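Given the structure is predicted, the values throughout are model-derived calculations rather than measurements. Quick note: numbers below take in every heavy atom, side chains included, and nothing from hydrogens, waters or symmetry partners. Chain identifiers are assigned alphabetically (A, B, ...) following the order of the sequence lines, protein sequences preceding nucleic acid strands; residue numbering begins at 1 within each chain.
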Amino acid sequence: MEKNLEKTLDDINNTEGIIGCILADHAGLCLGAKGNASTDSAGIIAAIADQVTKLEPKSPPPVISLQNDSRKCLIQRQGAVVGAIYKDISM
Amino acid sequence: MGCCYSFCKEDSGPQSGEVNERTHLLVDPVSNNTNIPRVHSDDYVNQYASSAPKKTDEQSALNRILHETAANVIDVGALDSHNLEQHEYMDRSRAYSKRIEAGGIKVPDSTSCLLKDVPAPEKILATEPLSAGDHELITKMLNKAVTALEDVNVEHKEDLVVPFLS
């Protein structure tokens, strides 16, 4: 059933440099989260993706990169799924 | 003298109705037509004189409008437009802070603002765009996730309707 979804999240989370990942549905409800990612942030991530898409509605879904000195957060919507990956860039 | 006399005579001539050798053969249309006002040149002057104040009134009204408009318009281009030097900014900022302190006005903290001013925006704007690796990473994850989500369906394991009394 949701094994494939879990596996996808595990695969990503086990990649080097990645400290967490989260998936949300079209309404911002959490589909799954692994590593250092809070399930509470699912709604916010979906909202960010939606708002940024409004900047250029005719363009393909944008990849949003939020970054500070030590970490980076990548967000993208694809169809009904919104995903976010947290990366450690301090190394 | 005779000429003068004859003219004097002429004036009274048609009025008296006598027909003599000095009577005009053709009637003078101007003198006979009393409907046409015989305006003296002085009258024209008077007419213009009476309309002249009107004209100046209009002129002064226009001038007044012009002055009022000029008073209400702020010509930014004509203002003192010299660029403030860095130290002038500092001086002014210090002066204003002192005034605020002296007045005892409390400036509300803007900590509730999510977005903050950044000191050197060009540094942030000139950062590298998203790397191809990162783009690939998130796109792949989402492709997999979308495919995985399509596989999610209800698995039939046991009957939903269960007999209570057996």
Taking [Y] as the starting point, is it possible to reach [X] by hopping between hydrophobic residues whose side chains are less than 4.5 Å apart?
{"X": "B:V152", "Y": "A:L9", "answer": "yes"}
{"X": "B:V146", "Y": "A:V63", "answer": "yes"}
{"X": "A:Y86", "Y": "A:L31", "answer": "no"}
{"X": "A:V82", "Y": "A:I64", "answer": "yes"}
{"X": "A:L55", "Y": "B:L130", "answer": "no"}

Point to revise | For B:R94, salt bridge (Lys or Arg N to Asp or Glu O under 4.0 Å) partners two or more places apart | key: B:D91
Sort [X] into side chain, backbone, both or neither according to what part of it lies under 4.5 angstrom from a heavy atom of chain B.
{"X": "A:I75", "result": "backbone"}
{"X": "A:A80", "result": "neither"}
{"X": "A:K72", "result": "side chain"}

Practice item. Provide the closest heavy-atom pair for A:T8 versus B:A145 in the form atom of the first, atom of the second, distance. Key: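 It is CG2-N, 4.0 Å.
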Check your understanding: How many angstroms lie between CG in A:D25 and CG in B:L149, if you round to the nearest 0.5 Å?
Key ->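 CG of B:L149 is found 8.0 Å from CG of A:D25.
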Point to revise | B:E150 CD to A:L5 CG distance, which is reported to the nearest 0.5 Å | key: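 Here the interatomic distance stands at 11.5 Å.
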Per-pair distances, 0.1 Å, donor-acceptor, side chain in residues 14-24 of chain A, under 3.5 Å, sequence neighbours excluded:
from: A:N14; atom 1: ND2; to: A:D10; atom 2: O; distance (Å): 3.1
from: A:T15; atom 1: OG1; to: A:D11; atom 2: O; distance (Å): 3.0
from: A:T15; atom 1: OG1; to: A:I12; atom 2: O; distance (Å): 2.9

Check your understanding: Among residues 132-143 of chain B, which residues come closer than 4.5 Å to chain A, judged by heavy atom distances?
Key -> B:D134, B:H135, B:L137, B:I138, B:T139, B:M141, B:L142, B:N143
Study note, to complete from the structure: Ranked by heavy-atom pairs below 4.5 Å to chain B, first place among A:R77, A:K7, A:Q76 goes to A:Q76
Point to revise | Where at least one partner belongs to residues 53-65 of chain A, residue pairs that pass side-chain hydrogen bond (donor to acceptor under 3.5 Å, both in side chains), sequence neighbours excluded | key: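 Counting only pairs at least two positions apart or across chains, the side-chain hydrogen bond (donor to acceptor under 3.5 Å, both in side chains) contacts touching residues 53-65 of chain A are A:E56-A:S59.
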